[in-house]
2 protein chains.
Amino acid sequence: MSIRGFELRQLRYFVAVAEEQSFRKASERLHISQPPLTRQIQAMESELGAELFMRTSRGVELTQAGRILFEEANNILMLSERAAERAILAGKGQLGRLDIGIFGSATFDTIPKIILSFRNAHPNVKVVLHNMTKWEQITALRERRITVGFNRFVTEEADIVLDTVYTENAMLALHRSHPFSRRNEIRFKDLRGQPLILYPRSSRGGFADILMSTCRDSGFEPWVAHEVDDVSTSIALVSCGFGLCVVPESARNLKLPGVIYRPLTDAKRLNIDLCCLYRRDDQSPLLAAFMDIVHSYGR
Amino acid sequence: MSIRGFELRQLRYFVAVAEEQSFRKASERLHISQPPLTRQIQAMESELGAELFMRTSRGVELTQAGRILFEEANNILMLSERAAERAILAGKGQLGRLDIGIFGSATFDTIPKIILSFRNAHPNVKVVLHNMTKWEQITALRERRITVGFNRFVTEEADIVLDTVYTENAMLALHRSHPFSRRNEIRFKDLRGQPLILYPRSSRGGFADILMSTCRDSGFEPWVAHEVDDVSTSIALVSCGFGLCVVPESARNLKLPGVIYRPLTDAKRLNIDLCCLYRRDDQSPLLAAFMDIVHSYGR
DNA sequence: ATCGGCGATACCTTTTCGGTATATCCTGAA
DNA sequence: TTCAGGATATACCGAAAAGGTATCGCCGAT
């Protein structure tokens with residue numbers, strides 16, 4: 001007469017009795033003795049207010065109520081097994097959802113490769129990409145909206161781990177008609193007096209600032225022809241002949257009309273690092289699995 | 001490290017903690033104290049080999065594994081409630097499947113009405129009709145292939161209950177061109193010397209035998225023009241002018257060209273009873289519910 | 001009539017579950 | 001730094017539930 005419902009053990013017992021059509025055989029299958037089985041079934045019947053089995057001289061047979069419950073019980077037991085299996089998988093980082101913050105200029109080469117590799121290794125994990133700026137990523141990490149972010153030139157934060165994934169060389173994007181296109185070797189100081197396109201415009205401490213201070217370290221003030229928001233736009237401007245643009249190597253995948261790429265031979269001090277960002281206290285197995293993949297990429 | 005899976009109680013506890021995001025609040029909602037909750041969740045976690053909650057200073061938060069289990073658990077709990085409800089319904093005869101054996105000549109009036117009425121009262125019961133002869137019905141009842149049968153002139157069987165549902169008058173089916181069609185009153189003995197169509201041909205002790213012995217009781221030997229299997233065929237023969245046919249009243253619903261029906265005014269001794277047949281030991285609530293409907297029909 | 005197989009019951013043992021008290025950890029404030 | 005407050009975890013105990021053994025009662029087959 002209690003209000004609480006069944007227990008799965010009772011459903012397991014019930015299914016065993018229904019399938020064996022015998023309390024005794026079912027008790028052997030369940031490795032218990034027969035009386036507890038009788039008692040559990042009786043408890044279920046009194047809770048339902050209906051008989052589940054017709055006791056005959058040769059064993060038992062399902063009633064209508066029993067037949068209905070039998071269908072439901074099989075389904076429920078199957079689902080409960082699946083639930084445990086899926087939870088275990090999720091605990092190993094092989095199932096679930098991974099929200100990743102990405103940004104412009106690494107979207108064209110490294111990040112797709114990493115994500116592709118991760119999806120092959122963990123096909124049951126749903127990967128969701130969010131395009132967001134550096135600071136949006138930090139905020140989203142703190143608010144648990146993303147689990148991991150990709151960015152460059154990230155300032156240290158106490159609760160965020162920075163993990164350098166990949167260091168790229170700087171390259172110069174220029175129009176085919178520019179005189180530099182015929183030179184074998186372009187050095188950083190050659191940029192003096194050249195119209196430069198800088199990005200990103202908005203955030204301080206980003207690539208644009210690094211580039212400008214590197215220019216000054218090389219002994220000249222850069223001629224900033226344009227400032228734009230992202231690498232795609234800046235390459236588009238290069239394509240129209242607005243000037244030169246220093247980009248990470250991976251930007252070469254952006255092929256626009258007239259745009260060619262040349263190595264900057266002495267740009268070693270310009271470290272263009274791709275970093276992974278994640279919460280220092282994040283113990284998620286999905287993050288660990290993802291970082292494993294990422295590190296297997298660290299050249 | 002045990003092999004056995006979850007219990008529903010654990011899933012209920014888990015869902016409460018996940019929804020309240022707090023062991024304490026969940027314990028209040030479940031009307032138990034907090035330590036048992038902690039222990040049950042720990043048991044689940046150790047069984048899964050994965051944490052389900054991240055314990056923070058302000059409460060708890062689901063891990064990936066927890067999120068997966070949460071979805072599954074809600075589904076399973078919902079299904080287990082439904083299972084109990086459906087079993088209870090089935091126990092009351094309001095859910096399930098009812099296999100009914102029917103036969104030819106009552107199919108046209110009484111049986112459809114009864115079944116319609118039953119389906120209105122028990123919309124969740126699936127009614128399956130099986131057209132079978134008297135003896136097929138008896139066998140099918142014994143083998144549990146049907147729960148109830150309809151028939152006429154059924155011989156007593158020890159394990160089968162006969163329940164007379166409805167008593168019909170006998171009528172005479174004849175062709176419009178027959179001389180009787182102009183008479184106001186046709187009496188049984190008027191059938192002397194008339195070509196009669198009898199059915200069913202196959203089974204002994206059926207309507208045909210009853211009719212013949214009734215003729216002999218009235219002092220004449222019937223002229224058996226034809227014997228056919230069922231009432232539909234016999235009416236078809238009447239329609240073609242092969243002769244006369246004594247039928248139950250409900251056969252009037254069979255309208256064929258040229259066939260008219262006339263009362264047999266002194267046929268009272270020809271009881272055409274429609275019987276329900278079911279197993280004497282059948283305690284099924286569906287049968288009880290069906291017989292309730294049937295009896296509410298017994299004029 | 002008797003025997004054997006089945007489920008039900010009585011009674012006892014073992015396990016599990018829930019409650020109380022307390023420990024431990026973390027955070028926020030003085 | 002310390003302390004208070006609120007959170008979960010642990011230790012220990014009593015209560016409830018589950019399982020085991022022995023036995024009963026019933027029914028059908030021999």
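Note on naming: letters A, B, ... go to the chains in the order of the sequence lines (proteins, then strands), and numbering restarts at 1 for each one. The figures here come from the full heavy-atom set of this structure, side chains too, leaving out hydrogens, waters and symmetry mates.
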Between side-chain atoms of residues 124-132 of chain B and protein atoms elsewhere (two or more places apart, or another chain), which donor-acceptor pairs fall under 3.5 Å?
| unit_1 | atom_1 | unit_2 | atom_2 | d |
| --- | --- | --- | --- | --- |
| B:H130 | NE2 | B:D99 | OD1 | 2.8 |

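Note: B:F6 and B:F14 fail the aromatic proximity criterion, with ring centroids not under 6.0 Å apart.
If you take CG of B:L52 and P of D:dT8, they are 15 Å apart, rounded to a whole angstrom. Rounded to a whole Å, the CD atom of A:Q21 is 16 Å from the C1' atom of C:dG5. A straight line from CG of B:L30 to C1' of C:dC17 spans 14 Å, rounded to a whole angstrom. For the pair A:L37 CG and C:dT9 P, the computed distance is 14 Å after rounding to whole Å. Atoms CZ (A:F23) and P (D:dC26) sit 18 Å apart, rounded to a whole Å. Rounded to whole angstrom, the span from the CD atom of A:Q42 across to the P atom of D:dA18 amounts to 13 Å. Across the protein-nucleic acid pair, B:E7 atom CD and C:dT15 atom C1' stand 14 Å apart, rounded to whole Å. The CD-P distance, from A:E47 to D:dA17, rounds to 12 Å in whole Å.
Legend: salt bridge (charged side-chain N to carboxylate O under 4.0 Å, His left out) pairs involving residues 28-38 of chain A, not counting sequence neighbours, sorted by first then second residue: A:E19-A:R29, A:E20-A:R29. Contacts classified as side-chain hydrogen bond (donor to acceptor under 3.5 Å, both in side chains) and involving residues 50-70 of chain B (residues at least two apart or in different chains) are given here: B:E45-B:R55.
For C:dG7, the OP1/OP2 oxygens have a side-chain nitrogen or oxygen of A:S22 closer than 4.0 Å. Side-chain nitrogen and oxygen atoms of A:Q40 include at least one within less than 4.0 Å of the OP1 or OP2 phosphate oxygen of D:dG19.
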Identify each atom pair where a protein N or O and an N or O of nucleotides 27-30 of chain C are less than 3.5 Å apart, giving names and distance.
none

Below 3.5 Å between N/O atoms, which protein atoms pair up with nucleotides 19-24 of chain C? Just atom names and distances, please.
| unit_1 | atom_1 | unit_2 | atom_2 | d |
| --- | --- | --- | --- | --- |
| C:dG19 | OP2 | B:S33 | N | 2.7 |
| C:dG19 | OP2 | B:S33 | OG | 3.1 |

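Considering only side-chain atoms of B:Y13, the nucleotide from C:dA8, C:dG18, D:dT8 that sits closest is C:dG18. Out of C:dC6, C:dC17, C:dA8, the shortest distance to the side chain of A:R55 is found at C:dA8. Side chain of A:R9, nearest nucleotide from D:dG19, C:dG7, D:dA9: D:dG19.
Annotation: side chain to side chain contact (heavy atoms under 4.5 Å, CB included) contacts of A:I68 (sequence neighbours excluded): B:R86, B:A90, B:L95. Not counting sequence neighbours, B:R39 has no partner by the salt bridge (Lys or Arg N to Asp or Glu O under 4.0 Å) test. With sequence neighbours excluded, the residues satisfying salt bridge (Lys or Arg N to Asp or Glu O under 4.0 Å) with B:E157 are B:R142. The side chain to side chain contact (heavy atoms under 4.5 Å, CB included) check on B:Q34 picks up B:F23, B:R24, B:S27, B:T38, with sequence neighbours excluded.
Rounding to the nearest 0.5 angstrom, the gap separating the CG atom in B:L69 from the CD atom in A:E85 is 12.5 Å.
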